[in-house]
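Step one of this worksheet: look at the structure below.
All values below were derived from every heavy atom in this structure, side-chain atoms included, with hydrogens, water molecules and symmetry-related copies excluded. By convention in this document, chain letters (A, B, ...) are assigned in the order of the sequence lines, proteins followed by strands, and residues within each chain are numbered from 1. Source: prediction; values computed, not measured.
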There are 2 protein chains.
Amino acid sequence: MNPGKSPHKASLAKSAGSNLHRKVAQSIGNQILSGVYAPGAILPNEADWCRIYGASRTTVREAVKTLTAKGLLKSRTKIGSRVEPRENWNILDRDVLAWHMASMNPQEFFASVQEVRKILEPEVAALAALNRTPQQLRAISEAFEDMRKAKAGLNSVGPDVRFHLALLAAANNVFLTPFGIMIEAALTNMFEFTSTHNPEPDMFIPKHEGILKAVKRGSAKAARKAALSLLTDTDHTISRIPAKAKKPKKI
Amino acid sequence: MNPGKSPHKASLAKSAGSNLHRKVAQSIGNQILSGVYAPGAILPNEADWCRIYGASRTTVREAVKTLTAKGLLKSRTKIGSRVEPRENWNILDRDVLAWHMASMNPQEFFASVQEVRKILEPEVAALAALNRTPQQLRAISEAFEDMRKAKAGLNSVGPDVRFHLALLAAANNVFLTPFGIMIEAALTNMFEFTSTHNPEPDMFIPKHEGILKAVKRGSAKAARKAALSLLTDTDHTISRIPAKAKKPKKI
DNA sequence: CAATCCTTATTTGTATGATAATTTGGCCAG
DNA sequence: CTGGCCAAATTATCATACAAATAAGGATTG
């Protein structure tokens, strides 16, 4: 796409990862997620990347392997590295999600997340009510207590995240755990998406308590209902964007 | 775990991937997923892996980077590579899922998948009914037609998978697409989990047709109901294992 | 002209050896 | 006992070379 002599300059070093191959992977990953290299496109070859980043081929190759492992690329001899179709991207991977967030309309991102949360979290709560171990219940309970204590300070986001992650873990289904990443990202960055920071904190605590109590006494039905109400009534969420006609789909 | 001179011998070359670093990654990945190296354990260092597999350090490092990118490992200088906790594993990654399936009780795997499918697929169908593009509808429709044609032969698994994947794509939510891997794995290997191969093929086609029609005319409610019935009534699934008391959780 | 085979060029894959950077753990001094 | 300094182990990076795969074009032949 830009095989010229002075390509992107691809600003490195801005992201935190201390290792070079990590930085390179982040940079290339960001470029893919932001559409600089679209699915199907052939990336610059390894030698080019070396020049671009001033790194050794070893380092570049490790970065490429990282991206390949996340489903963004596929390399073949004599061809080079081609960007994989979107459905192969490992979007629930921590890094991929971060890159995705960096180059996406925040409201659209948030709407997509909430759409999935509304589907999953009530059922997750129900499963947790049925399958939780005592230890898992304790983890949920402790997170809730921390939420309550931290109520005064606005930094209740940490315990809040822990609460939802603990709930997810208590559902005891491996295929649900990947969503922790998504939930975490949504909750920790919520203030960036919604205008107000901690919306309706007075409703906030009781609703979480409702989930906790239902899970404690093993009532799937009540847990489902409580979790649903947390995501719909109180809103925590942005109800301005209709979940439906999100985007007419350019194609 | 086995730092002796004659370690695992870790049979390579059995899996298809032609590249060496791929084979090494697969072998180590399998060992992690099968519990040879548990979360928190320190893996052999790079030099050891080189001896074990008879590969160069370059190759071993690329394999390690691959596994790191999938969330199975984390490497630190002077420490080595440590197996990450399970919740960080990228279980919806194609490879990780394959390794997981290779070392798991098939019925437990299938039960977990169906549990998630019952949660998601009705809502996926509903979203598809609301958000599908004409092209996406056509893809669903074509997959269904292929299913019907292939009805005589038992190899309807291909079109069946395509049908569900097309439905998933039509939901138009990036955070749902990762489940395609899981659904694909479940459907293509179903005959290994259930005793009978294509259970109740007479119900099979009409139920899929019900989903298609609902999606076509944009009825979320009907689509949800049809998708749910496909997963509960007909059973496609194994109802012998109660979804609840799966496993008392050894901890 | 058409089809087939062969050569060649390009790109990734693997190997080797060396050096740098990081950090644990122990040693040593106060 | 405490603090800081030193050494060892391990990953991180670099440079170079060769191997393997394969796409593309050219030579050969029908």
Q) If you find the nucleotide of DNA chain D closest to A:T59 and the one closest to A:I79, which residue's nucleotide is nearer the 5' end? A)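 Its nucleotide being nearer the 5' end, the pick is A:T59.
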Q: Check whether the side chain of A:R76 and the base of C:dG13 form a donor-acceptor pair under 3.5 Å.
A: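 Under the 3.5 Å cut-off, the side chain and the base do not form any donor-acceptor pair.
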Q. Is any N or O donor-acceptor pair between the side chain of B:T58 and the base of C:dA15 shorter than 3.5 Å?
A.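 Yes.
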Is it true that [Y] and [X] share a donor-acceptor pair across their side chains at a distance under 3.5 Å?
X: A:Q135; Y: A:R138; value: no
X: A:S81; Y: A:S75; value: yes
X: B:Q136; Y: B:N172; value: yes

Q.
Assess whether a salt bridge exists between B:E145 and B:R148, defined as any Lys/Arg side-chain N lying under 4.0 Å from an Asp/Glu carboxylate O.
A.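 Looking at B:E145 and B:R148, the cut-off is met.
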Q: Answer yes when B:E184 and B:R94 have at least one side-chain N-carboxylate O distance shorter than 4.0 Å, and no when they do not.
A: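 Looking at B:R94 together with B:E184, the answer is yes, because their closest N to O distance falls below 4.0 Å.
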Q: Tell me which nucleotide among D:dT13, C:dG13, C:dT22 gets nearest to the side chain of B:T77.
A: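 Minimum distance to the B:T77 side chain belongs to C:dT22.
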**Q.** From C:dT12, D:dC14, C:dA15, nucleotide with atom closest to A:A55 side chain
**A.**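 Nearest to the side chain of A:A55 among the choices is D:dC14.
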Can you tell me the distance, in whole Å, between the [atom1] atom of [X] and the [atom2] atom of [N]?
X: B:R51; N: C:dT16; atom1: CZ; atom2: P; answer: 14 Å
X: B:R57; N: D:dC14; atom1: CZ; atom2: P; answer: 13 Å
X: B:I42; N: C:dT23; atom1: CD1; atom2: C1'; answer: 13 Å
X: B:L43; N: D:dT10; atom1: CG; atom2: P; answer: 13 Å
X: A:W49; N: D:dC14; atom1: CH2; atom2: P; answer: 16 Å
X: A:K23; N: D:dA12; atom1: NZ; atom2: P; answer: 14 Å
X: A:N45; N: C:dA9; atom1: CG; atom2: P; answer: 17 Å
X: A:R22; N: D:dT13; atom1: CZ; atom2: C1'; answer: 16 Å

With a cut-off of less than 4.0 Å, is there a side-chain N or O of [X] near OP1 or OP2 of [N]?
X: A:S56; N: D:dC14; result: yes
X: B:K65; N: D:dA12; result: yes
X: B:K78; N: D:dA7; result: no
X: B:H21; N: C:dT14; result: yes
X: A:R61; N: C:dG13; result: yes

